[in-house]
Amino acid sequence: MRGREGTTFSNLFQMIGLKLKRKADESIQELGLNAQQGRMISYIAQHQDRGLIQKDLAKAFQRREASITSMLQGLEKKGYVERKIPADNERQKNIYVLPKGEELIDAFEGAFANVENEIIQALSAEEQETLLKLLSKINQRLG
């Protein structure tokens, strides 16, 4: 199916996704990380108390475990996160945000909120609500 301007919906989703990524990357570039890394640090901080493991991150970010491994290695080298083997299960490594990473979380979240606000400010409150419902419906449909 094609949109009104002759562009398929999937093309529009892809273009919007790329623009969102670029804007988010630009907004946190000064912190020395990209948007995906910032979101990952925030996610780890929010979920680390429940024994977060690499497989959880792969599921949450819709990525293969190999790419999560690579991202975690980069974040570990920069001193933002660490992986530790818990005493009760030597076969897994739990992931934790280190103080250096925690210091950046507010900056990440502020940058992401600014990007989101910039994007939706062209929409009325009713349009924003409709867009959120439609995108949520699409996201659920895709699994």
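We count residues from 1, following the sequence as given.
Within a 6.0 Å sphere centred on CD of Glu116, heavy atoms belonging to other residues, nucleotides or ligands number 12 at most. With a 6.0 Å radius and a threshold of 12 heavy atoms from other residues, nucleotides or ligands, Lys55 has its NZ atom at or below the threshold. In Arg50, the CZ atom is crowded: over 12 heavy atoms of neighbouring residues, nucleotides or ligands sit closer than 6.0 Å.
Between the side chain of Glu102 and the backbone N or O of Ala45 there is no donor-acceptor pair closer than 3.5 Å. No donor-acceptor pair closer than 3.5 Å links the side chain of Lys78 to the backbone N or O of Lys100. No donor-acceptor pair under 3.5 Å is formed between the side chain of Glu90 and the backbone N or O of Ala87. Of the possible donor and acceptor atoms, one in the side chain of Asn117 sits under 3.5 Å from a partner among the backbone N and O of Ala113. Between the side chain of Glu109 and the main chain of Ser42, no donor-acceptor pair closer than 3.5 Å is present.
Rounded to the nearest 0.5 Å, atoms CG (Leu57) and CD1 (Ile95) are 4.5 Å apart. To the nearest 0.5 Å, atom NZ of residue Lys137 and atom CG of residue Leu142 are 12.5 Å apart. One finds the OG atom of Ser136 at 15.5 Å from the CZ atom of Arg141 (value rounded to the nearest 0.5 Å). Between Ile85 atom CD1 and Gln92 atom CD the span is 9.5 Å, to the nearest 0.5 Å. Note that OG of Ser70 and CZ of Arg64 are 10.5 Å apart. Values are rounded to the nearest 0.5 Å. Rounding to the nearest 0.5 angstrom, the gap separating the CG atom in Asn94 from the CD atom in Gln48 is 10.0 Å.
In this structure, Phe9 is a member of the same hydrophobic cluster as Ile138, with clusters built from ILVMFWY side-chain heavy atoms closer than 4.5 Å. Note: the hydrophobic cluster containing Phe13 also contains Leu131 (ILVMFWY, side chain heavy atoms under 4.5 Å, direct or indirect links). Under the 4.5 Å side-chain heavy-atom criterion for ILVMFWY residues, no single connected hydrophobic cluster contains both Leu20 and Met15. Residues Ile119 and Leu123 fall into different hydrophobic clusters, defined by Ile, Leu, Val, Met, Phe, Trp and Tyr side chains chained together at heavy-atom separations under 4.5 Å. Note on Ile68 and Leu98: separate hydrophobic clusters, where clusters join Ile, Leu, Val, Met, Phe, Trp and Tyr whose side-chain heavy atoms are under 4.5 Å apart, directly or indirectly.
Taking every heavy atom of both residues into account, Lys93 and Ile53 meet most closely at O-CG2, 3.6 Å. Closest of all the heavy-atom pairs between Leu52 and Tyr43 is CD1-CE2, 4.0 Å. When all heavy atoms of Glu127 and Ala122 are compared, the closest pair comes out as OE1-O, 4.2 Å. The shortest heavy-atom contact between Ala58 and Glu65 is CB-CG, 3.8 Å.
Listed by chain and residue number, Lys84 satisfy the salt bridge (Lys or Arg N to Asp or Glu O under 4.0 Å) test with Glu82 (two or more places apart in sequence, or in another chain). Every residue two or more places apart in sequence or in another chain that forms a salt bridge (Lys or Arg N to Asp or Glu O under 4.0 Å) with Glu26 is listed here: Arg22.
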Please tabulate, one pair per line, all N/O donor-acceptor pairs under 3.5 Å involving side-chain atoms of residues 32-41, not counting sequence neighbours.
| unit_1 | atom_1 | unit_2 | atom_2 | d |
| --- | --- | --- | --- | --- |
| Asn34 | OD1 | Gln36 | N | 3.1 |
| Asn34 | OD1 | Gln37 | N | 2.8 |
| Gln37 | OE1 | Asn34 | N | 2.8 |

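Test Ile105, Leu72, Leu75 against Tyr80 for side-chain contact (heavy atoms from CB on, under 4.5 Å) and you get one pass: Leu75.
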Practice prompt. May I have the step-by-step check of side chain to side chain contact (heavy atoms under 4.5 Å, CB included) for Gln54 and Met71, ending in yes or no?
Written response: CA-CA 10 Å; Gln54 189 169 314; Met71 287 182 72; over 6 Å; no
